[in-house]
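Because the structure is a prediction, the values reported are computed rather than measured. Values below: every heavy atom of this structure, side chains too, minus hydrogens, waters and symmetry copies. Residue numbers start from 1 in every chain, and the chains themselves are labelled A, B, ... in the order their sequence lines are given, proteins ahead of strands.
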Amino acid sequence: QKEVEQNSGPLSVPEGAIASLNCTYSDRGSQSFFWYRQYSGKSPELIMSIYSNGDKEDGRFTAQLNKASQYVSLLIRDSQPSDSATYLCAVHGSSNTGKLIFGQGTTLQVKP
Amino acid sequence: DTAVSQTPKYLVTQMGNDKSIKCEQNLGHDTMYWYKQDSKKFLKIMFSYNNKELIINETVPNRFSPKSPDKAHLNLHINSLELGDSAVYFCASSSGTENSPLHFGNGTRLTVT
(Lines give C-alpha, C1' and ligand atoms only; values in the text may rest on other atoms or scores of the structure.)
Protein backbone atom coordinates (compact mmCIF):
# COMPACT_ATOMS: atom_id res chain seq x y z
CA GLN A 1 0.00 0.00 0.00
CA LYS A 2 1.31 3.43 -0.93
CA GLU A 3 1.76 5.87 1.91
CA VAL A 4 -0.36 8.56 0.24
CA GLU A 5 -2.76 7.61 -2.54
CA GLN A 6 -4.60 9.72 -5.05
CA ASN A 7 -6.50 8.91 -8.22
CA SER A 8 -4.21 10.15 -10.99
CA GLY A 9 -7.16 11.13 -13.19
CA PRO A 10 -7.55 13.07 -15.31
CA LEU A 11 -10.59 14.49 -13.60
CA SER A 12 -12.56 16.54 -16.06
CA VAL A 13 -15.20 19.04 -14.93
CA PRO A 14 -17.05 21.81 -16.78
CA GLU A 15 -16.35 25.43 -15.92
CA GLY A 16 -18.37 26.55 -12.92
CA ALA A 17 -18.74 23.05 -11.47
CA ILE A 18 -17.35 21.69 -8.19
CA ALA A 19 -14.19 19.63 -8.51
CA SER A 20 -13.65 17.02 -5.80
CA LEU A 21 -10.17 15.65 -5.25
CA ASN A 22 -9.53 12.80 -2.84
CA CYS A 23 -6.56 11.42 -0.97
CA THR A 24 -6.01 8.58 1.51
CA TYR A 25 -2.98 8.00 3.70
CA SER A 26 -1.61 5.02 5.59
CA ASP A 27 0.17 6.52 8.61
CA ARG A 28 -2.48 6.81 11.31
CA GLY A 29 -0.19 9.06 13.37
CA SER A 30 -0.04 11.79 10.71
CA GLN A 31 -1.07 15.19 12.01
CA SER A 32 -0.70 17.70 9.20
CA PHE A 33 -1.96 17.63 5.64
CA PHE A 34 -1.41 19.86 2.66
CA TRP A 35 -2.68 20.39 -0.85
CA TYR A 36 -0.31 21.70 -3.48
CA ARG A 37 -1.13 22.80 -7.00
CA GLN A 38 1.40 22.22 -9.76
CA TYR A 39 1.06 23.70 -13.21
CA SER A 40 2.89 21.95 -16.03
CA GLY A 41 6.58 22.81 -15.94
CA LYS A 42 6.27 24.71 -12.66
CA SER A 43 7.00 23.99 -9.03
CA PRO A 44 4.39 22.85 -6.47
CA GLU A 45 2.54 25.74 -4.84
CA LEU A 46 0.86 25.42 -1.45
CA ILE A 47 -2.87 26.15 -1.61
CA MET A 48 -4.28 24.63 1.59
CA SER A 49 -3.19 23.16 4.88
CA ILE A 50 -5.39 21.34 7.39
CA TYR A 51 -4.59 19.90 10.80
CA SER A 52 -7.94 19.13 12.50
CA ASN A 53 -10.88 16.99 11.55
CA GLY A 54 -13.58 18.81 9.65
CA ASP A 55 -13.64 21.45 6.95
CA LYS A 56 -11.39 24.41 6.29
CA GLU A 57 -12.42 26.98 3.71
CA ASP A 58 -10.27 29.50 1.87
CA GLY A 59 -11.98 31.31 -0.97
CA ARG A 60 -13.15 28.77 -3.54
CA PHE A 61 -11.16 25.99 -1.87
CA THR A 62 -12.36 23.74 0.95
CA ALA A 63 -10.16 21.08 2.51
CA GLN A 64 -11.82 18.26 4.44
CA LEU A 65 -10.08 15.94 6.87
CA ASN A 66 -11.27 12.72 8.48
CA LYS A 67 -8.48 11.18 10.53
CA ALA A 68 -10.55 8.15 11.55
CA SER A 69 -10.98 7.24 7.88
CA GLN A 70 -7.47 8.48 7.00
CA TYR A 71 -8.97 10.58 4.28
CA VAL A 72 -8.41 14.14 3.12
CA SER A 73 -10.12 15.90 0.25
CA LEU A 74 -10.09 19.19 -1.62
CA LEU A 75 -13.17 20.80 -3.11
CA ILE A 76 -12.85 23.55 -5.67
CA ARG A 77 -16.04 25.51 -6.17
CA ASP A 78 -16.87 27.45 -9.33
CA SER A 79 -14.01 25.74 -11.16
CA GLN A 80 -12.18 27.88 -13.69
CA PRO A 81 -10.01 26.85 -16.65
CA SER A 82 -7.09 28.39 -14.74
CA ASP A 83 -7.60 25.70 -12.08
CA SER A 84 -6.46 23.09 -14.61
CA ALA A 85 -3.32 21.62 -13.02
CA THR A 86 -2.07 18.65 -11.05
CA TYR A 87 -3.10 18.66 -7.40
CA LEU A 88 -0.74 16.99 -4.98
CA CYS A 89 -1.82 15.73 -1.57
CA ALA A 90 0.99 15.77 0.99
CA VAL A 91 1.13 14.33 4.50
CA HIS A 92 3.65 14.81 7.28
CA GLY A 93 4.82 11.42 8.50
CA SER A 94 4.51 10.78 12.22
CA SER A 95 8.28 10.37 12.60
CA ASN A 96 8.64 14.14 13.27
CA THR A 97 11.54 14.58 10.84
CA GLY A 98 9.62 17.15 8.84
CA LYS A 99 9.38 14.67 5.98
CA LEU A 100 6.47 15.45 3.69
CA ILE A 101 5.15 12.47 1.75
CA PHE A 102 3.36 13.18 -1.51
CA GLY A 103 0.71 11.34 -3.42
CA GLN A 104 1.12 10.87 -7.15
CA GLY A 105 -1.19 13.78 -7.87
CA THR A 106 -4.56 14.16 -9.59
CA THR A 107 -4.69 15.99 -12.90
CA LEU A 108 -7.70 18.31 -13.09
CA GLN A 109 -9.02 19.59 -16.40
CA VAL A 110 -11.63 22.35 -16.31
CA LYS A 111 -13.34 22.68 -19.67
CA PRO A 112 -14.79 26.06 -20.74
CA ASP B 1 12.47 38.68 -3.08
CA THR B 2 12.11 36.08 -0.37
CA ALA B 3 12.28 32.68 -2.03
CA VAL B 4 13.92 29.36 -2.59
CA SER B 5 16.15 29.65 -5.61
CA GLN B 6 18.00 26.88 -7.36
CA THR B 7 20.40 26.82 -10.28
CA PRO B 8 20.63 25.83 -13.01
CA LYS B 9 17.06 25.60 -14.31
CA TYR B 10 18.06 23.16 -17.04
CA LEU B 11 20.95 20.73 -17.12
CA VAL B 12 21.70 18.53 -20.12
CA THR B 13 24.66 16.22 -19.84
CA GLN B 14 26.03 12.88 -20.93
CA MET B 15 26.15 9.63 -19.02
CA GLY B 16 29.14 9.31 -16.76
CA ASN B 17 29.53 13.03 -16.11
CA ASP B 18 29.45 14.70 -12.70
CA LYS B 19 27.15 17.67 -12.09
CA SER B 20 25.98 19.91 -9.25
CA ILE B 21 22.77 21.75 -8.47
CA LYS B 22 22.77 24.67 -6.07
CA CYS B 23 19.98 25.83 -3.79
CA GLU B 24 19.61 28.86 -1.55
CA GLN B 25 16.75 30.08 0.61
CA ASN B 26 16.32 33.44 2.29
CA LEU B 27 13.17 32.54 4.23
CA GLY B 28 15.10 32.03 7.45
CA HIS B 29 14.11 28.36 7.52
CA ASP B 30 16.13 25.76 9.41
CA THR B 31 15.32 22.77 7.23
CA MET B 32 16.04 22.15 3.57
CA TYR B 33 15.19 19.26 1.28
CA TRP B 34 15.90 17.70 -2.07
CA TYR B 35 13.00 16.02 -3.85
CA LYS B 36 13.05 14.17 -7.16
CA GLN B 37 10.04 14.28 -9.49
CA ASP B 38 9.99 11.57 -12.12
CA SER B 39 8.22 11.55 -15.47
CA LYS B 40 4.99 10.41 -13.79
CA LYS B 41 5.03 13.51 -11.60
CA PHE B 42 5.68 11.52 -8.43
CA LEU B 43 7.58 13.66 -5.90
CA LYS B 44 9.92 11.62 -3.74
CA ILE B 45 12.11 12.91 -0.93
CA MET B 46 15.83 12.29 -1.26
CA PHE B 47 17.51 14.22 1.55
CA SER B 48 16.77 16.64 4.32
CA TYR B 49 19.09 18.85 6.35
CA ASN B 50 18.25 20.67 9.54
CA ASN B 51 20.65 23.47 10.37
CA LYS B 52 23.45 21.84 8.33
CA GLU B 53 22.85 18.39 9.82
CA LEU B 54 21.61 15.49 7.65
CA ILE B 55 18.34 14.17 9.10
CA ILE B 56 16.78 12.29 6.22
CA ASN B 57 18.62 10.14 3.72
CA GLU B 58 16.17 8.04 1.77
CA THR B 59 17.33 5.08 -0.27
CA VAL B 60 19.36 7.10 -2.73
CA PRO B 61 22.45 5.81 -4.57
CA ASN B 62 25.64 7.12 -3.00
CA ARG B 63 26.44 8.78 -6.33
CA PHE B 64 24.21 11.53 -4.92
CA SER B 65 25.89 13.63 -2.25
CA PRO B 66 24.21 16.59 -0.61
CA LYS B 67 26.22 19.35 1.04
CA SER B 68 24.97 22.08 3.33
CA PRO B 69 27.61 24.74 4.04
CA ASP B 70 25.11 26.72 6.13
CA LYS B 71 21.43 26.52 6.88
CA ALA B 72 20.54 28.75 3.93
CA HIS B 73 22.25 26.58 1.34
CA LEU B 74 21.85 22.98 0.25
CA ASN B 75 23.66 21.72 -2.83
CA LEU B 76 23.37 18.39 -4.61
CA HIS B 77 26.31 16.77 -6.37
CA ILE B 78 25.75 13.79 -8.62
CA ASN B 79 28.59 11.57 -9.77
CA SER B 80 28.66 9.23 -12.76
CA LEU B 81 25.28 10.30 -14.09
CA GLU B 82 22.98 7.60 -15.46
CA LEU B 83 20.02 7.76 -17.84
CA GLY B 84 17.66 6.98 -14.95
CA ASP B 85 18.77 10.15 -13.15
CA SER B 86 16.84 12.22 -15.69
CA ALA B 87 14.11 13.98 -13.72
CA VAL B 88 13.20 17.32 -12.21
CA TYR B 89 14.97 17.98 -8.92
CA PHE B 90 13.28 20.34 -6.49
CA CYS B 91 14.88 22.04 -3.55
CA ALA B 92 12.54 23.03 -0.72
CA SER B 93 12.70 24.56 2.72
CA SER B 94 10.54 24.68 5.82
CA SER B 95 10.73 25.89 9.39
CA GLY B 96 11.07 22.22 10.29
CA THR B 97 8.21 22.00 12.76
CA GLU B 98 5.70 19.20 12.38
CA ASN B 99 2.97 21.42 10.94
CA SER B 100 5.12 23.47 8.60
CA PRO B 101 4.60 23.25 4.85
CA LEU B 102 7.39 23.12 2.31
CA HIS B 103 8.29 25.99 0.05
CA PHE B 104 9.71 24.83 -3.26
CA GLY B 105 12.29 26.23 -5.60
CA ASN B 106 11.58 26.37 -9.34
CA GLY B 107 13.20 23.04 -10.05
CA THR B 108 16.13 21.83 -12.13
CA ARG B 109 15.27 19.69 -15.14
CA LEU B 110 18.15 17.22 -15.55
CA THR B 111 18.42 15.35 -18.82
CA VAL B 112 21.06 12.65 -19.14
CA THR B 113 21.80 11.49 -22.69
K.L.:
What are the two closest heavy atoms between Ser43(A) and Phe104(B), and how far apart are they?
P.N.:
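Looks like CB-CB, 4.2 Å.
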K.L.:
Crowded around Lys67(A) NZ? As in, over 12 foreign heavy atoms under 6.0 Å?
P.N.:
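Result for NZ/Lys67(A): enclosed.
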K.L.:
Would you say Leu88(A) ends up clustered with Tyr51(A) if hydrophobic residues are merged whenever their side chains have heavy atoms under 4.5 Å apart, either directly or through other cluster members?
P.N.:
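Same hydrophobic cluster.
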K.L.:
Could you measure the distance from the OG atom of Ser8(A) to the NZ atom of Lys41(B)? Nearest 0.5 Å is fine.
P.N.:
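Going from the OG atom of Ser8(A) to the NZ atom of Lys41(B) covers 13.0 Å.
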K.L.:
What pair of heavy atoms forms the shortest contact from Lys99(A) to Ile56(B), and how long is it?
P.N.:
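What the structure gives for the nearest pair is CB-CD1, 3.4 Å.
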K.L.:
Looking at side-chain heavy atoms only, is the closest gap between Leu100(A) and Tyr35(B) below 4.5 Å?
P.N.:
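Yes, side chains in contact.
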K.L.:
How many angstroms lie between CG in Leu102(B) and CZ in Phe102(A), if you round to the nearest 0.5 Å?
P.N.:
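Output value for this atom pair is 6.0 Å.
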K.L.:
For Glu45(A), is it the side chain, the backbone, both or neither that has a heavy atom under 4.5 Å from a heavy atom of chain B?
P.N.:
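Neither part, no heavy atoms under 4.5 Å.
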K.L.:
Quick check: is Phe90(B) connected to Leu11(B) through a chain of hydrophobic side chains (ILVMFWY, heavy atoms under 4.5 Å apart)?
P.N.:
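Looking at the clustering, Phe90(B) is in a separate group from Leu11(B).
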K.L.:
Taking all non-hydrogen atoms of both residues, which atom of Phe42(B) and which atom of Gln104(A) are closest, and how far apart?
P.N.:
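Shortest heavy-atom contact: CD1-CA, 3.8 Å.
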K.L.:
Which bit of Tyr36(A) comes within less than 4.5 Å of chain B, counting heavy atoms only: side chain, backbone, both or neither?
P.N.:
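Side chain only.
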K.L.:
Are there over 12 heavy-atom neighbours, none belonging to Lys44(B), within less than 6.0 Å of that residue's NZ?
P.N.:
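For Lys44(B), atom NZ is not crowded (no more than 12 foreign heavy atoms under 6.0 Å).
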K.L.:
Where on Leu46(A) is there a heavy atom nearer than 4.5 Å to chain B: the side chain, the backbone, both, or neither?
P.N.:
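Only the side chain of Leu46(A) comes within 4.5 Å of chain B.
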K.L.:
Taking everything shown except Lys22(B) itself, do over 12 heavy atoms lie less than 6.0 Å from its NZ?
P.N.:
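Result for NZ/Lys22(B): open.
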K.L.:
Given heavy-atom pairs under 4.5 angstrom as the criterion, report whether the side chain, backbone, both or neither of Ile45(B) touches chain A.
P.N.:
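Just its side chain gets close to chain A.
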K.L.:
More than 12 heavy atoms of other residues, nucleotides or ligands under 6.0 Å from CD of Glu53(B): yes or no?
P.N.:
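Open.
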K.L.:
Other residues, nucleotides and ligands only: do more than 12 of their heavy atoms fall within 6.0 Å of NZ on Lys42(A)?
P.N.:
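Incorrect, the count does not exceed 12.
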